[in-house]
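A quick write-up on the structure given underneath.
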There are 2 protein chains.
Amino acid sequence: MRNLLEIQKKLVPDMMEILQKRYDILHRISTSGKIGRRSLAAEVDLTERVLRSELETLRAQGLLSIGTDGMALSEAGKRLLEDMKPLVKELFGLSELEERLQAAFGLKRVVIVPGDSDESDHVKWELGRAGAHVLRDSMSPGDVVAVMGGSTMFRMAAQFSMPTAQRDNWFVPARGGLGESVDYQANTIASELAKRTGARYRMLHVPDHLSEEAYQSIMQEPGVREVVDMIRGARIVVHGIGDAMTMARRRKLVPETMEEIRKDGALAEAFGYYFDRDGKVVHRMATAGLRLEDIEAAGVVIGIAGGRSKGEAIASVLRFGHDDILVTDEAGALEALRHH
Amino acid sequence: MRNLLEIQKKLVPDMMEILQKRYDILHRISTSGKIGRRSLAAEVDLTERVLRSELETLRAQGLLSIGTDGMALSEAGKRLLEDMKPLVKELFGLSELEERLQAAFGLKRVVIVPGDSDESDHVKWELGRAGAHVLRDSMSPGDVVAVMGGSTMFRMAAQFSMPTAQRDNWFVPARGGLGESVDYQANTIASELAKRTGARYRMLHVPDHLSEEAYQSIMQEPGVREVVDMIRGARIVVHGIGDAMTMARRRKLVPETMEEIRKDGALAEAFGYYFDRDGKVVHRMATAGLRLEDIEAAGVVIGIAGGRSKGEAIASVLRFGHDDILVTDEAGALEALRHH
DNA sequence: AACATGCGGGACATTTTACGTCCAGCAATT
DNA sequence: AATTGCTGGACGTAAAATGTCCCGCATGTT
C-alpha cells in the first residue's frame, strides 16, 4: 500500500471496475472503428442503456466523437488510449490473471489480491478481507454457511461485515475440534462470523478425528445429530487450503497414517481431506463434519489461500474440481497456474 | 495527459471529488481522535446520512474502527493516511489554489484546469471544456444566457453539451459584431451553443461599436430592440478576459482612443469594457449589447480565461468585482494571485 | 428511385439506490 | 440514577439508473 493506485483502490473501491469498463469500451471502439451503440453493447456485454450512459460520460469528457453514422474515438480519445497502453498491465494485470485461473480450473469466479502472503502479513489480511467480501456477495437470506478453521479463515472472519444484519443466516463449523489454538477453530470462526453479522450459529462439540465406533455413538446424540445435519446441508462452504504434511502434523495423525498418505503423494489438504497432485483424494476418514459428498452437493464452495508456497496445493485442490470460487493472492495464483 | 492520475480523471471524472471527500473524512477523524458521527458530519460539512454511507464504505475497507463510543482510524487507516501525505499536494493542489482564489477575490466558485494555456493548445481546450461544464451546471430551465465572443468562448461552445435538451433556454450574443473571424463572433457562439443543446437563440445584427446617433436610430428597430432587451435581461453572462491593448487593436479602435485608454492604465478587457489594475473601468462606450449595469444585475457572471500571460488581466477584471465564477488554468490562477 | 438497415437520441415506466429523518439500545460519564 | 453521545436499524421519499420502445435520419442497396 504505497503508491497512488493502491491508495485509490482503498478509498474508492469501485473505481477499478469503472475504469476497466470504460477502458474496455474505448478499446473496443478503437479496434472496431466506426460502430453503433447496439452492436457495441453486444461486444462489451452491457445492456444498451447502460452502455449509453457510459458513452454519454465519455463523450462529455471529449473522448468520443459521435455522429449520425456511428461513433469513433476523438483525437483526445485516441491519445488517451495510447497513453494508457503502458499502464494497462499495471492496472488490469490481476484481472487477466483472474480470468486465466478461472478458465484453467473451470471456476465460477476468481479474486486475486496483489502481493504474496508468504512475504507480508499485510497481504494475508487483505486476502482475508477479499474472502470476506466474496462470502458476503455469495450469501442469500436463509443460507447455511459451513466454515473451516485455520489462520486464513480467522483473518477472513475478523474482517467480515454485512451491510444489514441477517438474522436468518446460519454459520456452522464444517468440522469438529482440531486441538489447535482456539482462535483458529472452526467453531470459533463460525461464532465470530455470526456475531459480526447478527446471524445465528451452532457449534459442533466433537473432535474432528473419530474412530468408527466413537463416530457411531456420538452421532446418536440428538444435540450433535442436529448440528451435523445442518452442516451437511450447508449451501455455502468456505475453506482454506494447506500443505498436506503440515496439516497432517498439525492434526497429529499417527505416524503410520502420515507415512501412508505421503506414499500416496498427498500434497494438499482442504476440508479435512488430502489430495495428490491430480486432485485425487488419497486419504479419508470418518468425520462428524462435512463429507466429500456434502462438498459436491453444496451450492457454493469458496476456497481461500495465498502465498507462493501454497500455489501447488491450491492447484491440487482445484483439480479436485468442486470449488466454485477461489480467493488467492498474486503469488499463489501464478504458482497455481504453473502447476496446471 | 500522461500519468495515471490524469487518465483516471478523464475516465472517472467523479473520482477526485470522492477521493477528496473520503480523504477529508479520514483526515478529520485522524486529528479529532475518537469522534461521533454527528459532530464529524458538522466538521466535514456533510449531512449525517451521507457521511454515514461514506463511513460504511470506509469501514468496509478496513480503514475505520467503529465502536460504541465513537470512531477512530484503524491501523490500516492510519497507515493509509500516512502513505497519502506525500501525494496530497499532487492530488488536491489545484483545489487549494481554487479556494485561495475564491477567497482572494470573493468569488462564488473557481475552477482551475492544470497547465498553462500559453504553452499548450491542449490546455486551451481543457479550459473550454471546464467552462462548458461550469456553464451547464449554472443553467436552469428558462434561463437566458448572454455570451461574448473570442477564441476561448469558441472552444467552450464547441465542447458544450447538455444531458437533455432544454428547449426553453435562450442563448444570446452579449454584444454585436466585432469584425473578427466569424467563428469567434458572439453571434456564432450563441448559435453554436443553442444548436448543441436544442435550445433557442437570437442574433444581434449590429456592429459592436456605435456612434451615439447610430445607436439611437438602430434601437428603434423592433427586431433589434427585442433582442437587446433579452440580452440585457440575461440571467447568466459568460465572457472571456483579454489583454486591453490586444483587444483594442482587434477592435480597431481609433488611435486617439487607444492612446487615451493606455494613458488611463487600461490593462484588461472584458465584455467590451477596459479595466485598469484596480478593476476600475477606464473606458466605456455606447453599445447595443450588454452594459455594465446589466452585468451587475445578472444572476451569474462567468469569466473564462487562462494562461500566465493573462493572469494580470484576470486579476484586474476580478477586482471589478462582478464575476461570480472564474474558470482558468493553473498558470493563470497563480499569476492572478500574484497580482492580488 | 424506392427501400431497407443501422445509427443516435428522445421518451417513459420501473426498478434500484441514495437520502433525510427518527428512534431504540447501549456505554460512559456526570 | 440520570444524562449524554454513540452506533445502527427502520422507513418513507426523492433521485438516479435501467430496460424498453420508438422516431427521424443518414447511408448503402436493390
Problem set entry | Any T68(A) side-chain nitrogen or oxygen under 4.0 Å from OP1 or OP2 of dG9(C) | no
Exercise. In whole Å, what is the span from the CE atom of M71(B) to the C1' atom of dA27(C)?
Worked result: 16 Å
Exercise. What's the closest nucleotide to the S53(B) side chain, out of dT7(D), dC19(C), dG9(C)?
Worked result: dC19(C)
Enumerate donor-acceptor pairs with a distance under 3.5 Å from any side-chain N or O in residues 13-21 of chain B to protein atoms, sequence neighbours excluded.
residue, atom, partner, partner atom, Å
Q20(B), OE1, S95(B), OG, 3.4
K21(B), NZ, E54(B), OE2, 3.2

Seminar exercise, completed: By nearest-heavy-atom nucleotide on DNA chain C, the more 5' of G67(A) and R49(A) is G67(A)
Problem set entry | Any T47(B) side-chain nitrogen or oxygen under 4.0 Å from OP1 or OP2 of dG20(C) | yes
Exercise. What's the CD-C1' distance between E56(A) and dA11(C), to the nearest Å?
Worked result: 13 Å
Exercise. With nearest nucleotides of DNA chain D determined for D69(A) and E48(A) from heavy-atom distances, which residue corresponds to the more 5′ nucleotide?
Worked result: E48(A)
Exercise. Any N or O donor-acceptor pair linking the side chain of R38(A) to the base of dT5(C) at under 3.5 Å?
Worked result: no
Exercise. Should the pair E126(B)-K10(B) be classified as a salt bridge under the 4.0 Å nitrogen-to-oxygen rule?
Worked result: yes
Exercise. Rounded to whole angstrom units, what separation is found between the NZ atom of K21(B) and the C1' atom of dA18(C)?
Worked result: 11 Å
For this session: Flag the pair R200(A) and D168(A) as a salt bridge only when some basic side-chain nitrogen lies within less than 4.0 angstrom of an acidic carboxylate oxygen.
Result: no
Problem set entry | Spacing of D14(B) atom CG relative to dT17(C) atom P, expressed in whole Å | 18 Å
For this session: Figure out the CD1/P separation between I66(A) and dG9(C), and round it to whole Å.
Result: 5 Å
For this session: Could you check how far CG of L46(A) sits from C1' of dA17(D), rounded to whole Å?
Result: 13 Å
For this session: Whole angstrom is fine here: how far is it from CG in L51(B) over to P in dA18(C)?
Result: 15 Å
For this session: Kindly say whether, by distance alone, the side chain of R52(B) makes a donor-acceptor pair under 3.5 Å with the base of dG20(C)?
Result: no
Exercise. Is the F92(B) ring parallel, tilted or perpendicular to the Y23(B) ring (thresholds 30°, 60°)?
Worked result: tilted
Problem set entry | Whole-Å distance separating the NZ atom of K34(A) from the C1' atom of dG6(C) | 14 Å
Problem set entry | Nearest-neighbour nucleotide for the V50(A) side chain, dT7(D), dG19(D), dC6(D) considered | dG19(D)
Exercise. Do NZ/NE/NH1/NH2 and the carboxylate oxygens of E48(B) and R52(B) come within less than 4.0 Å?
Worked result: no
Exercise. Counting any heavy atom closer than 4.0 Å, what does L40(B) reach on the DNA or RNA strands: base, sugar-phosphate only, or nothing?
Worked result: nothing
